[in-house]
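All remarks here apply to the structure that follows.
The figures that follow rest on heavy atoms only: side chains count, while hydrogens, waters and symmetry mates do not. Remember, it's 1-based here, ligands and their atoms both numbered in the order they're listed.
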Amino acid sequence: MKKTLLIYYSYGGTTKHLAEELKNELKLDSHQLELKNDLQGIFKMVFKIPFLMMFKKCPALKPINIDFEQYDNIIIGMPVWMATFAAPIRTFIRDTNLSGKNIALFCSSGTNPGHVFADFKSLLPDNDYVSELKLKNAEKNLETSVIKLKGWASELF
Ligand SMILES: Cc1cc2nc3c(=O)[nH]c(=O)nc-3n(C[C@H](O)[C@H](O)[C@H](O)COP(=O)(O)O)c2cc1C
C-alpha cells in the first residue's frame with residue numbers, strides 16, 4: 001500500500017502547528033526534524049542562523065529513526081529563512097535517501113517566501129513533485145492557513 005509520511009522542521013512553532021493539524025486530519029505518520037544543538041535565542045538568531053544560511057551549512061540533526069522504504073509519498077513542511085528553506089532542511093536533504101519518492105512541499109513564511117521551492121528542487125531534481133503550497137503570513141493567519149493546508153493535502157496522493 002502506498003503510504004505518506006509528513007516531515008517538518010519548525011523554529012518558532014508555526015510550521016509545527018500546521019503540521020500537527022495536518023497529521024491529525026489525515027492520520028499521517030510524521031516526524032519533526034530536530035537539531036542536535038538548538039538555534040534558539042537572540043544571539044543565535046542574529047549571528048548563527050545568518051552564518052548557516054549564507055554559507056549553506058548543514059546543522060546536525062538528531063537521529064531520524066524512520067524506515068523510508070515504507071513510504072512512497074513524502075510531504076515536507078518548512079519555514080522560510082532568508083527567502084529559502086531553513087538550514088535544517090538542507091541537512092535532511094543531504095542525509096536522507098529520497099530517491100523515487102513523490103514529494104509535496106509546503107512552507108510557512110512571512111511576506112516573502114522567495115525561491116524556497118526552486119531551491120529545494122534544485123537539490124533533489126530527480127524526484128516527482130506533486131504539488132507545492134506557500135502559506136504566506138502563516139503566523140498571522142494561522143487558522144486560515146490550517147484550512148488551506150488541509151484542503152491542499154487532501155487532494156495530493
Ligand atoms: C531567521 C529567520 C529568517 C526568516 N526569513 C524570512 C524570509 O526571508 N521571508 C519570509 O517571508 N519570512 C521569513 N521568516 C519568517 C518565517 O518564515 C515565518 O515566521 C514562519 O512562519 C516561521 O515558521 P516556524 O514558526 O515554524 O519556524 C524568517 C524567520 C526567521 C526566524
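Residue-ligand proximity, Ser108 to ligand 1, at heavy-atom distances under 4.0 Å covers atoms 17 (O), 20 (C), 21 (O), 23 (O). Close approach to Ile49 involves these atoms of ligand 1, each under 4.0 Å from a residue heavy atom: 1 (C). Close approach of ligand 1 to Thr15 (heavy-atom distance below 4.0 Å) involves ligand atoms 23 (O), 24 (P), 26 (O). Against a heavy-atom cut-off of under 4.0 Å, Gly12 is close to the following atoms of ligand 1: 24 (P), 25 (O), 27 (O). Ligand 1 places these atoms under 4.0 Å from at least one heavy atom of Asn112: 7 (C), 8 (O), 9 (N), 10 (C), 11 (O). When each atom of ligand 1 is checked for a heavy atom of Thr111 under 4.0 Å away, the hits are 11 (O). Each of the following atoms of ligand 1 lies closer than 4.0 Å to a heavy atom of Glu139: 19 (O).
Nearest heavy atoms, Ala138 versus Thr14: CB-CG2, 3.9 Å. Of all heavy-atom pairs spanning Asn127 and Lys101, the tightest one is ND2-O, 3.0 Å. The two residues Leu52 and Ala87 have their closest heavy-atom pair at CB-CB, 4.2 Å.
Taking OH of Tyr8 as the reference point, atom CD1 of Ile76 lies at 14.0 Å (rounded to 0.5 Å). Atom CG of Leu133 and atom OG of Ser108 lie 10.5 Å apart (nearest 0.5 Å).
Between Met45 and ligand 1, a contact under 3.5 Å exists for no N or O pair. Taking any N or O of Tyr11, backbone or side chain, at least one lies under 3.5 Å from an N or O belonging to ligand 1. Polar contact with ligand 1: present for Val80 (N/O pair, distance under 3.5 Å).
Tyr9 places no side-chain N or O within donor-acceptor distance of the main-chain N or O of Phe85, the cut-off being under 3.5 Å.
Nearest protein heavy-atom contact of atom 25 (O) of ligand 1 is Thr14 N, 2.8 Å. Taking atom 22 (C) of ligand 1 as the reference point, the nearest protein heavy-atom neighbour is Pro79 CB, 3.9 Å. For atom 12 (N) of ligand 1, the nearest non-hydrogen atom of the protein is Gly110 N, 3.0 Å. For atom 5 (N) of ligand 1, the closest non-hydrogen atom of the protein is Met82 N, 3.0 Å.
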Let me see the working for Phe47 and Phe51 under ring pair (Phe, Tyr, Trp, His ring centres under 6.0 Å), right down to the final yes or no.
CA-CA 6 Å; Phe47 295 104; Phe51 168 81; over 10 Å; no

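Using 4.0 Å as the threshold, Ala138 has no heavy atom nearer than that to any atom of ligand 1. Assignment of Ala83 to the shell around ligand 1 is supported, since a heavy atom sits closer than 4.0 Å.
When each of Leu5, Leu105, Thr96, Val130 is tested with Ile74 by the rule side-chain contact (heavy atoms from CB on, under 4.5 Å), just one qualifies, namely Leu5.
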Output side-chain donor-acceptor pairs under 3.5 Å for residues 142-157, partner residues at least two apart or in another chain, one line each.
from   : atom 1 : to     : atom 2 : distance (Å)
Ser145 : OG     : Asn141 : O      : 2.7
Lys150 : NZ     : Glu21  : OE1    : 3.2
Trp152 : NE1    : Ser131 : OG     : 2.8
Ser154 : OG     : Lys150 : O      : 3.4
Ser154 : OG     : Gly151 : O      : 2.9

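Both tests hold for Lys121 against Tyr129: distance to the six-membered ring centre under 6.0 Å, angle to the ring axis within 45°.
Every salt bridge (charged side-chain N to carboxylate O under 4.0 Å, His left out) that Glu20 has, sequence neighbours left out, goes to Lys16.
The nearest non-hydrogen atom to atom 31 (C) of ligand 1, considering only Phe85, Tyr8, Trp81, comes from Trp81.
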